[in-house]
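Let me begin by presenting the structure, written as structure tokens, before commenting on it.
All values below were derived from every heavy atom in this structure, side-chain atoms included, with hydrogens, water molecules and symmetry-related copies excluded. Quantities reported herein were computed from a predicted structural model and do not represent experimental measurements. Every number for a ligand or one of its atoms is a count from 1 in the order of the listing.
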Amino acid sequence: MTTIFKILTALILTSLLLPAQGAEEDGYELWLRYRLLDHAARIALQQQATSIVLIGQPNSARPTAAVAVTELQRGLRGMLGRSVPLGSTLKNGAVVLATPDSFPDMAAFHLSPETLGSEGYLLRSTNIQGHHVTLIVANTDIGLLYGSFAWLRAIQTRTDALDRLDLRATPGVQLRVLNHWDNLDRSVERGYAGESIWNWRELPTIQDQRYVDYARANASLGINGTMLNNVNATPDILTAPWLAKVKALADVLRPYGIKVYLSVRFSTPLELGDTRTADPLDPAVIRWWQKKADEIYSLLPDFGGFLVKANSEGQPGPQNYQRTHADGANMLAAALGPHHGVLIWRAFVYADDKSADRAKEAYEQFKLLDGKFAANVLLQVKNGPIDFQPREPVHPLFGAMPKTSLMMEFQITKEYLGFATHLVYLGSLYEEVLQSDTLRQPAGAKVADIIDGSFHRKTLTGIAGVANIGSDRNWSGSEFDQANWYAFGRLAWNPHASARKIAREWVAQTFSSNPSVVTQVSDIMMMSREATVNYMTPLGLHHLMGTGNHYGPAPWVADLQRPEWNPVYYHRADRNGIGFDRTVSGSNAIAQYAPALAGLYADPRTTPEKYLLWFHHLPWDYVMPSGRSLWVELLSHYDSGIAQVEEMQARWMRLRPLIDRRRHAEVARRLERQLQEAIWWRDACIAYFQSASGLPLPEGVKPPRLSLEEYKTMRFPH
Ligand code: BDP
């Protein structure tokens, strides 16, 4: 054998031994990888995909239909290993995209497109004129795009028989948007995946291919809006040069059904020197915003609207002028209304002068404004009353604002959950929140029912996720953080969906559709959030993270200027006990919940254990349902957290032969770091709480590796 021949043989053999996914995957393609199917699946798909037929107007006049066709072609080329032609006539195995106006035969097939609304779709295997075809039907081209992605997903996840498809889907929520906390200098607040993907310096003239791939990924989930800039906004974004950049991005995103929104600073006209005040009732201010809205809409006829963080963490707002949040929101809503724009006002507020219980403040400020907001205002409420903690009970406002359109704000970027280092699948967190009851009645008052508008019969509905997307090659900083973007998008489309099912779908598309991989990887994901709660903040503890960076453990911090910035404010541990008393004898935050829920939370015996120390201050020897003391139970939660991470790690290592090398190794390295940091969390918290309780560690419980003083002096400046 010649040397060349030997090398070639070795290369071929190596490639045969590699897992089906191929060698070097870098995560760029997200869940849209469209890898070659195995032989049997390819044969089956070939019969269902002989051509792609777009009925009606040619796709050159329909940019969104064009991207649907292109995506189908791309997907099929990848999965079949050859191109599928575009056709104009029906034949067996055609994939037919049709809207009712272009396809009068529809009625004969009982396809009832009326029920599909403006974004829904129907996928059906059927016979038309003697030909077996796959029909993708929607009232609009965006529905066709969503239907095309759904069909490609069905192929990749192998959950449905392709020749017997009958899937109908409409979104449960109207505005499904990402919130980028991206600054104009490309830094990202709480971003752990590189710089902002918006390359503002190069825009508007140079447009990165990434914008298109970003749009494809979002459209594949049904995300239909993006707030481009940080909620801590600067006035510049509303000036002409920046609006030109915004327009360039909007033009790229539009064919994918994604509208652009902007975060705006309440005092913009004042700070730009155009007005002498930012008082929302001042005529000059009102005129300024109207003219600004007109200017924006002349550039961007489909502009989504504004998002405002006001009178929160130092941001200006209507209260600076003794006006209410409703005065501020309604003034901006009036400027956007004539253009069909929406105004999204955030409920994340806590005042500088009050600190009896930060968890109560949003409710105290907003409850009395229920019914006072204009029809095109959405109030965006974080999932819990403090701030994106590993676990919080749901925000009381979800059960308290029947006359207001409430929009959910989830955080996808893991500010308080180990950044992009720790594997934490947030699908479980979102599901827990959406499935939480706001009234404690048998049916129909879950957070999901409030958000999708069904409970209070709202037509304007929305859900936002603080994005975890950046310039990193793999978009989210780690492979598994992509799953959180995915899960957010799928739950935004259907807030009643199951987190486990979503995890399985994601794994099948991202790693492998091998059922054993799907089950094993999704099992790891489903363990991960509880593991993190256990090693960070078990039993309802919260906000124990390091100052500023919110990364490692710092339960001892007590010297920050505002009381509610200090972890000691939240856990209140001393010789006598631990926890925040939010019952009548304490801050009485429980009164902000519906009476049946407040009744539950009033008594530690009926409070769900996961919220115990959120609502109660209890003695260390309080007897838990397990029969153990609170102290011993707390210690055992930390140990379970570590055991769970070890288990995740062991399971991942067993998957090595089934996952492509590079991604397997990357995840393995992160899991090792996660384990080390889980131990750090456990040890630092136990060392600190032991110093508070003065109690010994029971036999068998490992003492912390370092002294409390050593944990206290650890610094993480970056
Ligand atoms: C906190 C973040 C801070 C955000 C703020 C917000 O630490 O960076 O600006 O929330 O949501 O979680 O406005």
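The contact set between ligand 1 and Phe348, taken as ligand atoms under 4.0 Å from a residue heavy atom, comprises 5 (C), 6 (C), 10 (O), 11 (O), 13 (O). Of all atoms in ligand 1, numbered sequentially from 1 with element shown, those under 4.0 Å from a heavy atom of Trp181 are 4 (C), 6 (C), 10 (O), 11 (O). Ligand 1 places these atoms under 4.0 Å from at least one heavy atom of Lys382: 1 (C), 5 (C), 6 (C), 10 (O), 11 (O), 12 (O).
Residue contacts with ligand 1 for Asn230 are absent, since no atom lies close enough (heavy atoms, distance under 4.0 Å). Of all the heavy atoms of Glu313, the ones lying under 4.0 Å from any atom of ligand 1 belong exclusively to the side chain.
Using a distance-only test at 3.5 Å, with no hydrogens or angles considered, no donor-acceptor pair links the side chain of Ser478 to the main chain of Thr421.
The one candidate from Tyr214, Tyr261, Trp485 that meets the ring-ring contact (aromatic ring centres under 6.0 Å, His included) condition with His180 is Tyr214.
A salt bridge between Arg529 and Glu432 is present, with a side-chain N of the basic residue lying under 4.0 Å from a carboxylate O of the acidic one. A salt bridge does not link Glu564 to Arg358: none of the charged nitrogens lies less than 4.0 Å from a carboxylate oxygen.
Among all protein heavy atoms, the one lying closest to atom 13 (O) of ligand 1 is Lys309 NZ, 2.6 Å. Scanning all protein heavy atoms for the shortest distance to atom 4 (C) of ligand 1 gives Glu189 OE2, 3.5 Å. Ranking the protein heavy atoms by distance from atom 2 (C) of ligand 1 puts Glu415 OE2, 3.3 Å first. Annotation: atom 1 (C) of ligand 1 to nearest protein heavy atom, Asp387 OD2, 3.0 Å.
In this structure, Arg582 is positioned above the aromatic face of Trp614, its NZ or CZ under 6.0 Å from the six-membered ring centre and within 45° of the axis. Taking the centre and axis of the six-membered ring of Tyr570, the NZ or CZ atom of Arg572 falls outside the cone set by 45° and 6.0 Å. Taking the ring axis of Trp198 as reference, the NZ or CZ atom of Arg210 does not stay both within 45° of it and closer than 6.0 Å to the ring centre.
The shell of residues lying under 4.0 angstrom from ligand 1, judged by heavy atoms, excludes Gln315. No heavy atom of Gln411 sits closer than 4.0 Å to any atom of ligand 1.
At least one N/O-N/O distance between Arg190 and ligand 1 falls below 3.5 Å.
Under 3.5 Å, the side chains of Gln365 and His325 contain a donor-acceptor pair of N or O atoms.
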